[in-house]
Amino acid sequence: MKYRTVKKIFAAFAVASSAGLASTHEAAGSIGTGNWEFDAGADFRVRHEMMDNIPGNPGDIYSVVPAERCGNKNQIRFRPRVWFSAGNGPFRIYSRITDEFREYPVENSQRKKDRPYNFPDEIFLDNLYFEGTGLELDRLRNIGIDEFDFRFGRQDLFERGHSVFGLDRIMADGTPLDGSRGFYTDMMRVKLYFGERRSLDMFALYCSGRNDLRWGNGRSEGRAMNPINMSDSNDMDEWGGGFVYSGTTENEDLSFKAYSIFKRSEAYTTSSPVMRRVSAKEITTVGALFRPRFSDRWSMELEGAKQFGRILDGNRQAGGFMGHVALNHHPDFLREYSPVVSLTATYYSGDRNRTGKNDNDTAWDPMWARYTQDSEMLVYGALYGNCYWSNMVFSKLKLSMTFGRHHGFYAYTGPMFAAEQDGLGHADGSGGSMYKGWLSAARYDFPILLAPKDAAGAGRFELFGHIVAEMFQPGDYFDSGKPAYFVRWEINLKF
């Protein structure tokens, strides 16, 4: 219970910091009374997703396999959001409230009022933070820190398609169960700048297993926000913190990041596959990311990370390792559209007996990157849990092009293998080959109406969308051999 008390204090401080710090600066005379700037806006997203035959873990009672729940995987998601900001000089307060409700065009056995995310579902506090940017202090300049930024409160880990820390395979989503409905966490973040080419991020965060800052129907109350399996209880709180050091060389032919991040997942109850209590786990991830650029035509991305940790029910060790490499070619052909051809390979370690009694867990822990990393579809069939990228070797060939704002295209294809044969793909646990299958995907983003860059108020009205399709042909690792598909169209309105 001592951890729960500490986390409640931390969460209260993270959300309330805006008021406390604002009053502190105002009392010190740093914020004037006549220079406040106020702004507000909204956006509305309609997203229709259709999928079928997604292979999963046959031993999991909530597995998405061809014989189960396919009719419920045709859904239309409606997400309205409203935001407000107030700024004064380098300081700003930002708040956003969000709802997402869904409709299911395909008939299923559930009554409408019993279906998840049934209208109106819930309105929840999605963002509320206080930030300062470009701040300077003489005391810090004396030790080489030119300026610093801070952001305290509820904030997103994922912005503009990437991790706010630039670590897409480590830090991206604090609420993985609800998909892209929200990406928030309660976090205190400070970024120090050492000249123009070096910076240090320091942060501490807390992700509650449920969201109490909400209003809605009874079905949404107490919804688990970050469970590993769909049947998990809502008390798996997660918290931690770390450091991310970033830099670029003077000629900008190499950028790099080095990081150390700690995470604790509290104990929780699950009925997958049987009712039991899952022990708390602590993981520290240490890694580095390099992006060398050899010429105008060739570049690479290299990342490696090792985890150290323990499962808190004795002396069991936990944590795996990850490796990623990408070779990028920037051809002259259609250069005005920034074409990139990439050959990538990603490795997440697995464990043959990670659920065995007294067994260590050497599988890669995805930390706060349980989102659609390499596939919109396979997050529904991740064998270790919801969005739980682990025990995987995935290579792909990818082509991407950018035609303009909200206008682009990508396509990729490649084989996927298991890093270890854990037997989870077969109901009898016998396992098959290491070959998980072949995944192909394509996405096209298109603008419908774009606002001028300097537009303000209602003049910022924009309309844009995308369509994405994926196909997965399961390999012998799975019981199922049926081709799986995923199709989604989406329209966004914002101002």
Side-chain angles (χ1 to χ4, degrees), residues 37-50 75-87 92-103 126-127 129 131 133-134 151 155-164 166 168 172-173 178-184 328 330-342 371-373 376 398-412 441-470 486-495:
E37 295 183 359
F38 301 93
D39 200 0
D43 61 72
F44 183 66
R45 184 185 74 182
V46 180
R47 169 180 283 190
H48 187 188
E49 298 172 329
M50 296 159 281
Q75 59 187 10
I76 304 177
R77 303 169 59 174
F78 304 89
R79 189 191 70 180
R81 303 191 300 185
V82 178
W83 60 269
F84 168 82
S85 70
R92 184 175 75 125
I93 298 173
Y94 178 86
S95 178
R96 186 174 70 215
I97 59 172
T98 301
D99 188 7
E100 184 178 273
F101 49 91
R102 305 179 185 180
E103 288 292 333
D126 194 11
N127 270 212
Y129 60 77
E131 68 176 356
T133 56
R151 181 178 289 183
Q155 55 193 282
D156 289 340
L157 284 176
F158 195 74
E159 293 180 348
R160 294 180 289 277
H162 292 284
S163 163
V164 295
D168 289 352
D173 194 353
D178 66 359
S180 60
R181 186 184 78 142
F183 294 97
Y184 71 81
N328 306 311
H330 309 262
D332 283 333
F333 179 68
L334 298 177
R335 196 170 185 84
E336 63 270 27
Y337 300 129
S338 304
V340 181
V341 180
S342 302
Y371 75 113
T372 55
Q373 287 188 34
E376 300 277 353
K398 180 178 181 179
L399 168 66
S400 62
M401 303 180 75
T402 302
F403 309 118
R405 192 158 56 95
H406 296 302
H407 196 192
F409 166 82
Y410 72 69
Y412 63 80
R443 170 168 167 161
Y444 176 62
D445 287 79
F446 54 90
I448 301 173
L449 178 65
L450 295 182
K453 290 185 178 181
D454 58 350
R460 296 177 302 197
F461 181 86
E462 292 188 325
L463 197 61
F464 54 91
H466 75 248
I467 183 169
V468 60
E470 296 186 12
F486 175 96
V487 179
R488 180 179 76 211
W489 63 262
E490 175 179 309
I491 297 295
N492 284 275
L493 178 156
K494 66 181 296 186
F495 64 90

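Throughout, residue positions are numbered sequentially from 1 according to the sequence presented. Because the structure is a prediction, the values reported are computed rather than measured. Computed over heavy atoms, backbone and side chain alike; hydrogens, waters and symmetry mates excluded.
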**Item:** Step-by-step side-chain contact (heavy atoms from CB on, under 4.5 Å) determination, Q155 to Y94
**Value:** CA-CA 9 Å; Q155 55 193 282; Y94 178 86; over 6 Å; no
**Request:** For H407, check ring pair (Phe, Tyr, Trp, His ring centres under 6.0 Å) against everything at least two apart and list the hits.
**Result:** F403, Y444
**Item:** Over all atoms of both residues, closest heavy-atom pair of P452 and G459
**Value:** CD-O, 4.2 Å
**Request:** Run the salt-bridge test on E376 and R47 with the 4.0 Å N-O cut-off and return the result as yes or no.
**Result:** no
**Request:** Check the side chains of H466 and R488 for a donor-acceptor pair under 3.5 angstrom, ignoring hydrogens and angles.
**Result:** yes
**Request:** Please indicate whether E336 has more than 12 foreign heavy atoms, meaning atoms of other residues, nucleotides or ligands, lying under 6.0 Å from its CD.
**Result:** yes
**Asked** Going from CD on E131 to CD1 on I93, what distance comes out if it is rounded to the nearest 0.5 angstrom?
**Response** 10.5 Å
**Prompt:** So does R79 pair up with E100, basic N to acidic O under 4.0 Å?
**Reply:** no
**Asked** Donor-acceptor pair, E462 side chain versus A451 backbone, under 3.5 Å?
**Response** yes
**Request:** For residues P447 and F464, report the shortest heavy-atom separation together with the two atoms involved.
**Result:** CA-CB, 4.0 Å
**Message:** Test your reading of the model: is there a side-chain donor-acceptor pair from N328 to the backbone of S342, 3.5 Å cut-off?
**Reply:** no
**Message:** Applying salt bridge (Lys or Arg N to Asp or Glu O under 4.0 Å) to D445 and R443, what does each step give before you reach the verdict?
**Reply:** CA-CA 7 Å; D445 287 79; R443 170 168 167 161; 2.8 Å; yes
**Item:** From CA spacing to verdict: side-chain contact (heavy atoms from CB on, under 4.5 Å), K494, R460
**Value:** CA-CA 8 Å; K494 66 181 296 186; R460 296 177 302 197; over 6 Å; no
**Asked** Hey, does D126 have a side-chain heavy atom less than 4.5 Å from the side chain of D156?
**Response** yes
**Item:** Residues in ring pair (Phe, Tyr, Trp, His ring centres under 6.0 Å) contact with F158, at least two apart in sequence or another chain
**Value:** F183, Y371
**Prompt:** Is the number of heavy atoms from other residues, nucleotides or ligands within 6.0 Å of OH (Y410) greater than 12?
**Reply:** yes
**Prompt:** Near F333 CZ, under 6.0 Å, is it more than 12 heavy atoms from other residues, nucleotides or ligands?
**Reply:** no
**Request:** Kindly write out the residues that satisfy side-chain hydrogen bond (donor to acceptor under 3.5 Å, both in side chains) with H48, not counting sequence neighbours, or none if the list is empty.
**Result:** N74, W489
